[in-house]
Amino acid sequence: MAKEYRTIQEVAGPLMLVRGVENVAYDELGEIELGNGERRRCKVLEIDGQDALVQLFESSTGINLEDSKVRFLGRGTELGVSEDMLSRVFDGMGRPIDGGPEILPEERRDINGMAMNPAARNYPQEFIQTGVSAIDGLNTLVRGQKLPIFSASGLPHAQLAAQIARQAKVVGTSEPFAVVFAAMGITFEESNYFIESFKETGAIDRAVLFINLANDPAVERIATPRMALTAAEYLAFEKNMHVLVILTDITNYADALREISAARKEVPGRRGYPGYMYTDLASLYERAGRQRGKDGSITMIPILSMPEDDKTHPIPDLTGYITEGQIILSRELYRKGIEPPIDVLPSLSRLKDKGIGEGKTRADHANTMNQLFAAYSRGKDAKELMVILGEAALTDIDKLYAKFADAFEQEYVSQGYRTNRSIQETLDLGWKLLRILPRTELKRIREEYLDMYYDQK
């Protein structure tokens with residue numbers, strides 16, 4: 001039986017100081033019993049000799065220092081995992097909120113899993129089809145990769161996240177595929193949107209959802225992505241599934257980290273975030289990947305809204321160091337009505353070369369991808385020149401490039417949130433747009449592919 005303490009010294013907001021504790025460890029779970037028998041959960045934030053600073057998961061309202069007692073449970077936060085988690089919706093602490101029964105776990109796992117050992121990693125190389133041309137064709141996602149989406153407030157990253165979660169699959173294999181979706185600090189309206197979006201397309205059948213709402217406590221927000229990754233590790237490395245983990249919004253997670261750090265009176269780092277935020281984010285991101293000797297894999301798409309659209313803000317800055325590229329959403333394209341507003345030029349998938357080509361997508365993929373990038377870049381330059389000097393200053397070939405840039409945004413990038421394009425459709429659409437330009441301009445494509453695809457009207 002766990003020892004009970006009636007030595008609560010003070011309560012300040014979500015924090016509580018308990019004196020005279022023995023054998024209590026950092027991150028250990030506890031339970032507070034109020035005078036009326038009500039129970040609330042807490043977690044140890046700091047140990048100083050025999051003093052324990054704990055953070056409540058619920059409100060501290062109504063806690064009477066004399067009548068209340070604390071029990072420490074001798075374990076950290078755990079998640080009961082089972083294959084029955086698929087098609088279920090949980091809160092940020094892993095409790096079902098979809099009206100269904102409790103999960104009967106096959107095992108219980110500490111949510112603070114270890115980052116994957118680099119020596120045990122397999123290189124990411126299989127193509128994952130998201131159905132979104134700007135990603136599949138130009139910034140290809142590879143199984144085992146970490147590819148964040150950098151968004152900004154007011155941009156439709158929620159719709160893009162839901163679209164990828166609904167549509168993503170590993171092409172050319174019948175191996176089981178699952179999506180683990182964790183939302184942190186979102187509104188009830190957004191939560192409803194995600195759940196309904198999964199249900200109406202049937203994607204819920206292969207998905208596990210963890211939803212932490214904006215009015216839930218900050219300490220729960222810290223646990224939510226770890227819950228999701230623990231479920232993903234179980235499905236990937238015990239049940240041999242390919243798992244796509246989508247975490248939204250990492251900015252809300254980092255803000256919760258800052259809030260708890262401030263409550264502990266830690267010395268702040270850049271913009272008030274704790275100095276260990278890089279390490280903390282890495283402990284999440286590095287749990288994705290492929291393991292030697294295991295069939296399953298974890299691919300991760302973290303989504304973060306950049307405060308003030310600033311790429312140099314600590315959250316996107318540190319995320320960029322740890323992950324393998326980024327997909328950037330553009331406010332300018334959003335204003336033009338491009339859906340999804342993916343800005344392909346500054347976006348980057350560092351592993352795209354490993355997942356494309358003969359036997360994976362198509363032999364002409366790398367050539368057409370490079371040509372589309374080059375043509376779009378030149379087309380944007382031509383359009384800027386047109387704004388400054390007028391259309392008359394452009395050569396005929398520059399006008400064609402400007403026309404290409406417009407068509408590329410309207411047809412290739414903009415496809416709406418309900419269109420699911422196969423990689424063949426994406427590549428064929430790329431060729432259709434390249435035909436706007438004369439064959440002599442397509443210097444990045446081998447002659448054999450030009451013969452095969454360009455001349456086929």
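- The CD1 atom of Ile327 lies 6.5 Å from the CD1 atom of Ile149; values are rounded to the nearest 0.5 Å.
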Between Tyr253 and Leu247, is a side-chain contact (heavy atoms from CB on, under 4.5 Å) present by the stated rule, with each step listed? CA-CA 10 Å; Tyr253 170 85; Leu247 306 175; over 6 Å; no
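- Summarising the local packing, NZ of Lys169 is surrounded by 12 or fewer heavy atoms from other residues, nucleotides or ligands at distances under 6.0 Å.
- The line from CG of Leu138 to OG of Ser349 is 10.5 Å long, rounded to the nearest 0.5 Å.
- Environment of CG in Leu104: sparse, with no more than 12 heavy atoms of neighbouring residues, nucleotides or ligands closer than 6.0 Å.
- Of the possible polar contacts, one joining the His365 side chain to the Gly137 backbone as a donor-acceptor pair under 3.5 Å is found.
- Across every non-hydrogen atom of Asn252 and Gly185, the tightest pair is ND2-O, 3.2 Å.
- Using a 4.0 Å cut-off between charged side-chain N and carboxylate O, Arg166 and Glu200 make no salt bridge.
- Ion pairing between a basic and an acidic side chain is recognised when a charged N comes within 4.0 Å of a carboxylate O; Arg362 and Asp428 show such pairing.
- Side-chain atoms of Leu281 and Ile250, non-hydrogen and from C-beta on, do get closer than 4.5 Å to each other.
- Not a single donor-acceptor pair under 3.5 Å links the side chain of Glu220 to the backbone N or O of Pro217.
- Salt-bridge annotation for Glu411 and Lys432: present, with a side-chain N of the basic residue lying under 4.0 Å from a carboxylate O of the acidic one.
- Looking only at side-chain heavy atoms (C-beta outward), Leu79 and Met85 come within less than 4.5 Å of each other.
- Looking at Asp84, its side chain never comes within 3.5 Å of a backbone N or O of Ile103 through a donor-acceptor pair.
- Sorted by first and then second residue, the ring pair (Phe, Tyr, Trp, His ring centres under 6.0 Å) pairs involving residues 325-355 (not counting sequence neighbours) form an empty list.
- Remark: of the listed residues Lys146, Lys352, Arg350, Lys146 is the sole one forming a salt bridge (charged side-chain N to carboxylate O under 4.0 Å, His left out) with Glu324.
- Sorted by first and then second residue, the pairs that involve residues 267-300 and meet ring pair (Phe, Tyr, Trp, His ring centres under 6.0 Å), not counting sequence neighbours, are Tyr273-His313.
- Using a cut-off of 4.0 Å between Lys/Arg side-chain N and Asp/Glu carboxylate O, Asp255 and Arg258 are scored as salt-bridged.
- Closest heavy-atom contact between Thr251 and Pro307: CG2-CG, 4.2 Å.
- When atom types are taken as modelled, the side chain of Gln371 and the backbone of Lys443 share a donor-acceptor pair closer than 3.5 angstrom.
- One finds no salt bridge joining Lys199 and Asp98 here, because no Lys/Arg side-chain nitrogen approaches an Asp/Glu carboxylate oxygen to under 4.0 Å.
- Annotation: side chain of Glu58 is not in contact with side chain of Leu56 (no heavy-atom distance under 4.5 Å).
- Closest non-hydrogen pair, Gly144 versus Thr299, comes out as N-OG1, 2.8 Å.
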Please determine whether side-chain contact (heavy atoms from CB on, under 4.5 Å) holds for the pair Val219 and Ile260, giving the CA-CA distance in whole Å, both sets of side-chain angles, and the decisive distance to 0.1 Å. CA-CA 7 Å; Val219 70; Ile260 289 173; 4.1 Å; yes
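- Gln163 contributes no side-chain N or O that, together with a main-chain N or O of Thr130, makes up a donor-acceptor pair within less than 3.5 Å.
- Remark: Glu308 CD is loosely packed, at most 12 non-hydrogen atoms of other residues, nucleotides or ligands lying under 6.0 Å away.
- Side-chain contact between Glu441 and Phe404 is absent, with no heavy-atom pair separated by less than 4.5 Å.
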Steps toward side-chain contact (heavy atoms from CB on, under 4.5 Å) verdict (Tyr123, Leu351): CA-CA 10 Å; Tyr123 206 84; Leu351 299 179; 3.6 Å; yes
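- The main-chain N or O of Ser87 is never found under 3.5 Å from a side-chain atom of Asp205 such that the two would form a donor-acceptor pair.
- The structure places CD of Gln410 at 11.0 Å from CG of Leu433, a figure rounded to the nearest 0.5 Å.
- Inspection of the Thr230 and Arg109 side chains reveals no N or O donor paired with an N or O acceptor under 3.5 Å.
- Closest approach of Ser261 to Glu266, counting heavy atoms only: OG-OE1, 2.7 Å.
- More than 12 heavy atoms of other residues, nucleotides or ligands sit less than 6.0 Å from atom NZ of Lys383.
- Here the CZ atom belonging to Arg287 is positioned 8.0 Å from the CE atom belonging to Met300, to the nearest 0.5 angstrom.
- If you check the side chains of Thr426 and Arg421, you find no donor sitting under 3.5 Å from an acceptor.
- With Leu450 as reference, Glu447 is the one residue of Met452, Glu447, Glu448 to meet the side-chain contact (heavy atoms from CB on, under 4.5 Å) rule.
- At a threshold of 4.5 Å between non-hydrogen side-chain atoms, the residues Ser283 and Arg226 count as touching.
- No side-chain donor from either of Arg446 and Asn367 sits under 3.5 Å from a side-chain acceptor of the other.
- Interatomic distance, CZ of Arg121 versus CZ of Arg292, reported as 11.0 Å (0.5 Å rounding).
- Minimum heavy-atom separation, Arg143 to Ser297: NH1-OG, 2.8 Å.
- The OG1 atom of Thr140 sits 11.0 Å away from the CD1 atom of Ile128 when rounded to the nearest 0.5 Å.
- A 4.5 Å side-chain heavy-atom check between Tyr412 and Leu372 finds at least one atom pair inside the cut-off.
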Carefully, step by step, assess Glu126 and Arg290 under the rule salt bridge (Lys or Arg N to Asp or Glu O under 4.0 Å). CA-CA 11 Å; Glu126 288 104 336; Arg290 299 175 61 213; 3.6 Å; yes
Under 3.5 Å, sequence neighbours excluded: what are the donor-acceptor pairs made by side chains of residues 337-348?
from	atom 1	to	atom 2	distance (Å)
Ser347	OG	Ile328	N	2.9
Ser347	OG	Asp343	O	2.7

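- Asn215 and Arg221 get closest at one heavy-atom pair: N-NH2, 4.5 Å.
- Side-chain atoms of Tyr454 and Asp364 form no donor-acceptor pair, as typed in the model, at a separation below 3.5 Å.
- Side chains of Tyr376 and Glu409: a donor on one and an acceptor on the other come within 3.5 Å.
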Test side-chain contact (heavy atoms from CB on, under 4.5 Å) on Val243 and Val208 and set out the steps. CA-CA 10 Å; Val243 184; Val208 185; over 6 Å; no
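- Between Gln326 and Lys311, every side-chain heavy-atom pair lies at or beyond the 4.5 Å cut-off.
- Taking the side chain as every heavy atom from C-beta outward, Tyr453 and Thr368 never approach each other to under 4.5 Å.
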